[in-house]
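Data first, discussion second: the structure below is written as structure tokens.
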Amino acid sequence: MAEVLLSEEEKYYLVLGVAQDIRVDGRSRLDYRSGDVEVNTVTNSHGSVRIRLAETDVIVAAKVDLGVPKTETPNQGIIKFLVDCSPTASPDFEGRGGDQLAETICRILSSTYAKSSSINLKSLCIVPKEFCYIVDVDILVLQCGGNLLDVIAMGVKACLGTCEIPRASGTRYDLGKPVPVFSKDEFQFDYLDVSKAPVIVTLPRVGRYFVVDATLEEESCSKGKLAIGVAPDGSITSVDKLGKACYQVRSIAASVQMAAKVGVDVNKVLSDRINKLKLSKLHSAKPWPPKPEEGMDVE
Amino acid sequence: MKPKTIANCTRSLVKGGAKNGIRLGARGIHEFRTAKISFGNSVGSCEAVLLPGTRVFAQASAAIGEPSDSRPGEGAFTISVWVSPAATGEMVGSSEKPSAIARTLERMFKENRAVDLESLCIKFGELAWILRVDVHVIEMNGCLQDTAALAVLGALLTFQRPQAEIDVNTDELVVLPLAECTPVELHLFHLPAVMSFALCDEILLAEPCQEEEDILPGKLLVGINDSKELCHLHLTHPIEQELLLEATKLAQAQCLDRLNMLKGLVEEVKTQREVPIYKRPQGPRATGTVLSLSALETSSRNRSEKKPSIKYLSPLITASDINMLEELCIL
Amino acid sequence: MSNDSDSQMEVGQSDEFERLKGQTKSESLFPKPPLVNPKTNKRQDGRSPKDVRPIYVQTGVRDGAKGSAYVEMGTTKVLCIVSGPKDLPKKMDLSSTGIISVDVQLVGGKMSEKDVILIKECMEAVVILEKFPKCLLEIFLTIMEDGGSSIAASICAAGLALVDSGVPIYDTPVGSTLLYDGKDFYLDPSKSELDSVDLTDSEKNDSGGGIVTMGYLPTREQICLFTMEGKMDAEVLASAMDSLTNVNLKVFAVIRHHSMELMKEFKETKSKVNK
Amino acid sequence: MQKDSQSTQSTAEEEEYEIDPEEGVPVPKRLLYADDKLKFKPKILTGTPCMPGQRICLANEYFEAGEGAYEFGESIYASALGFLQTEEFPEQELTVVSVKRGDGKPPFTAPYVGAVVTCIVLSRTQKLCRCLITHVGSVKLDDVVKGIIRREYIHEKHRDLSEVETSFGVGDTVLARIVGISDGDFIMSTGEDSLGVATAISSAGYYMVPVGWTRMECPKTKETLPRKVAKIVQDKNVEYWHRRNMIKKESDAKPEKA
Amino acid sequence: MAYRTHLDDLWEQQIRPDGRTPHELRNITCQMGIFHPQASGSASFNIGNTKVMAAVYGPHEVRSSQKKHHNPDKMIINCEYSSATFSSNERKSSTKADRKSMEISSNLRSVMEHIIIPDIFPGSQIDVYVELLQDDGGSYSACINAATLALVDAGIPIRDYAVAITATMSHSVCMVDINAQERGQCAELTIGVLAQSNEIIVLELANLLQNFYLKDVLDEGIKGCAAIYKILEEAVRQKFNKMEQSLV
Amino acid sequence: MDESDRSNIGMKRANLDLNDEVGNLVMPGDEFSIPKDSSKVILGPGLRSVIDKRSNELKTIIACKAGLLRKAKPNTFFLEMKTRSYHSFKKDDVLGIIKQKSKGEHYSIDVACRELRAQLSKNAFEGATKRYRPDLQVGDCIYGKVMDFPKDYPLELTCVQPSGKACGLGSLNGGHIFHVPVHFVRALRTASPKDNLLQKIGRIVPCETAVGANGLVWVKASNAVLTILVAQLLQTLSKANPDEYGTYLNKFNSTVRTVV
């Protein structure tokens, strides 16, 4: 995966700075870099977000499709994640180089969203056991400037938040089977409720301290990191230890506290950003070309 | 085997020769290679030779399967290319050569819809003929695409499949054995062919041999069908517009008489075949063209039911029949 | 969005639609047994929430292998075999330290990629990779029966197998799992218990709930594996970690006892050799 | 050993930096502890059973970690299951602490830089010959490991004169010392006298006997081939190989009688 | 059916379905240095709804994967084209290394080999990566333009700009810059030329085109390429003006 | 089953006599008994001697290829076979193309044979020293002699005769090089002066030729057309059978007349 090689001295310098709470780019340990979110990057999807955090640049696009719910959860919709590391991010991703990284991120995302009550999957169900929405969330990593996981998690939340899910205005009975009916007007859609959706805060340990939103250099100084999913109410939705490092119990506890604190703020910022985006989308002109009509694509 | 590295003397010979209109094979600059086409005993097998020393074999076959979800009203059509190690000195299993040929063939036969796939549909969304063509490069001495295209075309033209249809009242797949029906031919909308040129600044060399292809910088592929429509263009070297137009003219002329030769041969083969051939009426079929809600209902209803089972009509059916049948389906 | 008239029309359609939705409730479809029997404060398999299932460990189960171990935690049965050092495959030639490959076979199923990666990274943190440069150490885990908390059992098995093989390791890793249903902890949960809690439905567990797995290095007091799914508050998580630590120490006691037994055997063999 | 201690640290949680209590500026640990090593020698009773990860004693200039033990921070821990053993070096007043398991099972071994290994020659070109390492010291590896002997590393003295062609033949058994690690595989040298070809098979299929430093001779067809012959010091490897050869000869001889 | 006729009388007034005249391009925005610190050169090229991003890495030393089959006094140019899973209207799961993208990659490489001056960095490697974000017709031509811009941004010496555009002949009208709608009904000829010497370097044809029309279509396309070239040059100008200001 | 009835069934032919079998077709695996009388037998290509392991003296002689058994005057036996691939022997003249010039003392040569690697020392030219030696480029053709081929090494070419003079050996420039089957090459080289093809061709078109034992032929005539024509002729002849040579030559003659 994308890494930078540092000499021992450079690492020492970085670590020393972190210990004094001044990082190379002048941030303190708990500061995020500046970033921005741009909506409707890809017009032929139901919701797409391009999120940039300093050098890290990710496009998240969601496509809603009609499908059959899983048998074990007959009254829930399905959310699928697919991460794709474009070689534009780094030559190491050429060919199948990025698959390892993509796989890991994909697993973490799906476990964060599937195994917790972060999103009410029932709202994605149209007719139990018959029809539900399948939301395909595709993540394309255009550039990797460190702290990829957090950015992707934010992107996913923003994308799901601004994703337009066509409104099933009712059901019609065909041959004794309820079939959803969709309004032809494509401005009738619902938004997913992401008020509980978590963001992920990755904490690499540089020297003896955990830092937030690490750059590639800082990541290369640390053996391992903790990926902690934090819900808006400050509760932890997932913890994963990545990399080959050992931590002491107290340091993990401390880092979880820290992540909870940071995560709440991030969530706040993100969610009112999402609301802004929704408003702007409402005012924005009719997207062109018109999206494919969901009524037809029953296979 | 031939030496892999090209000698400088040969290089200079070819390049110098191209300028004064001399070629290795002692051919004229715009003189195309002579093609030889022969058909195998089994239906839809064709071998095309482009003298000197390029030999490609193509075998068409069809089986009954499910159509793709994106095109439920059509049969499927796949082309796969194998370059045998005997042809080249070393193993080129996964090199770009086979895939390049396959791409060219796909573009010409599949994306330009040379084959009427809708006529291959048996039951909308559920059953269709899966047509596949295996192309084997046996000897190679340049001009692979040209030869392969010829071979595939020959294979498709001489291919026959048994009739298969859905019994209306008992919703079952019925495959008539050849004894009881006339085998159906494929219906081709147009007959494409490719001509390749080697480009050496300001000069076109028609259908170069291997050494010329390796030595000369550029290559131009022109695909033209019998109704004088361009169906494929590929270029790997800067070229003047006039030269390009000239190339297409040459290609058109050559491709027309090559196709005529092919048609003639195909006619002979068909007359030789003892089974009388049932001619489909021209024009696309009505089946499976419209995507209507009623079609949706039926499909959704039938999905719930079990798959249609194969039933043979002939009352007394022998093992040989079954074998023949399977031959024709799985062949 | 849209003007009132058609929105009302909406409502008219959609509540009929709601009724349709309401026809099936997942609870009615799959009734979930309670975690503890409210009368006798015991779990389904008859232990109190804080109890750990009986543990059985054995080493050297496979002759010819460099190291092997077999661990039972209740109904969870894991066999681990360590082999190496091997030559690196061509593609991953560029590494100065050793490389560990972990392969997990789940009988009658497939372990999720994420868990395998977790175990692998845990092992990388435990083994002293500098001791065998440019070589590959293979750890084969076979989960013969998954009775819940299989990752923890796998870690114990792998640790024992490493001890048996004599591969240099920083410490003997042990692992254990904990289930939180929003009220209190259930240590070392069984498969049925894990299935019975549904972390996804948001109506029920606003109080949270989750599964925490922790790999622990007892004498070094470090955590070599940590994963958590579900929804917990930070404080709860901290206390969960404490109780997990205690469990791990219990597990380690078993392993330590077993290896001391091994030592005795060594002594005997040595005395035999001397005679 | 200095390097070793660092590398072991770096994998674990404690990075190689320590916070100085006064101004909280991290200082590399190696600098900090270079001078004020604790000076007393505790008594270590040997034979005590150890679990991996068990702390044994302080790591100062008197104590070093040997086989089955590792240094971390300022103390020595056990890295394998076994009994504690010490080894005294009076002249450097050094004690090497090691943990060995008593039973016959060999300790975990892998090729490392500086080890004497036994390998079989696979192929040879002008520049180098490729080998398969089968034994490290006297321990047989489960799986063979690739290694190469460069032309320059064949002879100690005259490096440019030595030729692969006149030193090794395909199929020879060679004793060599690992001197380094290239990106591909281990680099070995046969510079010392005791290293070189241990056994070679003549074209007629017999084990050749060394005649002099540079030649070996087939006992039957008296053809002699140039080899870089190893002066065999009494070593477990060689005993092993002799044993193996005897067995192999017998097994070869059998089917022809039958 | 009413729909059709409506379209047809649009045709008679020479207005295309999306309201353009036959010789009109969709609106084009291109930007250089989008991945600034990481890639040595990068650019994005949007034409209508077709969005392409390109990044250039290098020249750097030859990666070990390609080391064996290349002689040390030549330069390796390595191209990879990949299209995002959400690029087309119906979503397709991973498109890594399927035939189509492999073909485009190799074509792209042959183009790049012709515009890059090869003997300046002997024994080095240049990576050109192109990512298709959204496909609304003329994606291949957009890729070429983006790649060219990225090369310029990376400061790699090139002989000439390679610019490309799509053109076709439909209803006996030559049209330039086909979008996805029109592609369904008529042929799509992708034409790429070297900007200075009007030599054709790219030719890709989808669907059938009467050989008789080829000349007109080519002329049309070359005109279009000239227009594109102006736009690219403008973008480069702006960038380097900015540079000067920043320097001053 | 033991040796005898195996031979009866005809699965294996053993204890043949070399002198009887001369001129017959010999199959691989056939065993010849050691001729008692003659003290010394020289085995050429296709035959090899088997040494008994325990008492290491000559057991039998085995044919390891299929071909006609031929005998040269002083007790020399070899198999004559019609092969398309090249098996190198010492002192063969071979044509090669320089594959790559490494930093070291050798060019590596492509001798149009898949399993043979060949190399040519940079000093192995007439009057070459460390300072003055011909600098050949990749792709140049060289006409060399096989010096020796060690067991698991590339075979060593040289471009000087033992006398130190290069009699025709060395690098060839201009002309055209192409590949024909090896047996045809052998025919070309072993033909007696009167029915020598090359001379006949030479009478029609004056040209230089170099014929390598490895199946590569190099031709250079006065101009490109003639060169190509000669190359074409040789390639066609290599496929034709000998009694058609005349007609081909006549055809060739007429075409040359038209060209010139």
Side-chain angles (χ1 to χ4, degrees), chain B residues 1-29 31 33-34 36 49-55 83-93 139-142 198 200 203 205 207-217, chain F residues 84-86 94-100 107-116 118 136-142 171-182 208 210 212 214-221 223-233 235-236 239 252 255-256 258-259:
Chain B
M1 79 178 259
K2 286 187 181 164
K4 285 195 199 64
T5 44
I6 301 166
N8 290 348
C9 52
T10 317
R11 241 173 236 286
S12 50
L13 191 71
V14 169
K15 281 195 171 157
K19 292 205 174 34
N20 350 341
I22 308 167
R23 294 176 61 174
L24 273 191
R27 274 188 289 155
I29 287 194
E31 180 183 350
R33 297 209 213 168
T34 50
K36 286 197 177 358
V49 182
L50 219 54
L51 295 175
T54 301
R55 184 182 299 269
V83 174
S84 82
T88 67
E90 69 283 357
M91 307 289 287
V92 282
E139 285 179 53
M140 53 190 271
N141 182 14
C200 176
I203 296 170
L205 297 186
E207 301 211 316
C209 67
Q210 187 69 55
E211 278 136 337
E212 287 170 331
E213 268 183 11
D214 296 343
I215 293 168
L216 296 178
Chain F
R84 319 187 110 264
S85 70
Y86 171 61
V94 294
L95 269 166
I97 304 170
I98 294 185
K99 210 188 302 177
Q100 69 187 20
Y107 301 110
S108 68
I109 310 277
D110 180 350
V111 288
C113 182
R114 201 172 306 149
E115 59 274 3
L116 273 184
L136 299 182
Q137 298 308 320
V138 174
D140 286 359
C141 311
I142 59 108
S171 74
L172 313 165
N173 32 25
H176 178 33
I177 189 166
F178 56 93
H179 185 264
V180 294
V182 170
E208 307 176 51
N214 55 343
L216 285 179
V217 180
W218 174 82
V219 180
K220 182 179 186 182
N223 62 20
V225 189
L226 291 177
T227 312
I228 290 177
L229 284 179
V230 174
Q232 285 292 314
L233 175 70
Q235 274 165 336
T236 36
K239 292 186 188 66
F252 174 64
T255 43
V256 168
T258 58
V259 171

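Per chain, numbering begins at 1; letters A, B, ... match sequence-line order.
Highest contact tally toward chain B, considering only Val138(F), Thr227(F), Leu229(F), is held by Val138(F) [criterion: heavy-atom pairs under 4.5 Å]. When the candidates Thr10(B), Asn8(B), Ile22(B), Val14(B) are compared by the number of heavy-atom contacts under 4.5 Å with chain F, Asn8(B) comes out ahead. Between chain B and the options Asn173(F), Val111(F), Ile228(F), heavy-atom pairs under 4.5 Å are most frequent for Ile228(F).
Looking at Leu216(F), the atoms closer than 4.5 Å to chain B (heavy atoms on both sides) all sit in the side chain, from C-beta outward. Heavy-atom distances place no part of Arg11(B) under 4.5 Å from chain F, backbone and side chain included. Heavy atoms closer than 4.5 Å to chain F are found in the backbone of Ile6(B), but not in its side chain.
Across Ala7(B) and Cys141(F), no two heavy atoms sit closer than the pair CB-SG, 3.5 Å.
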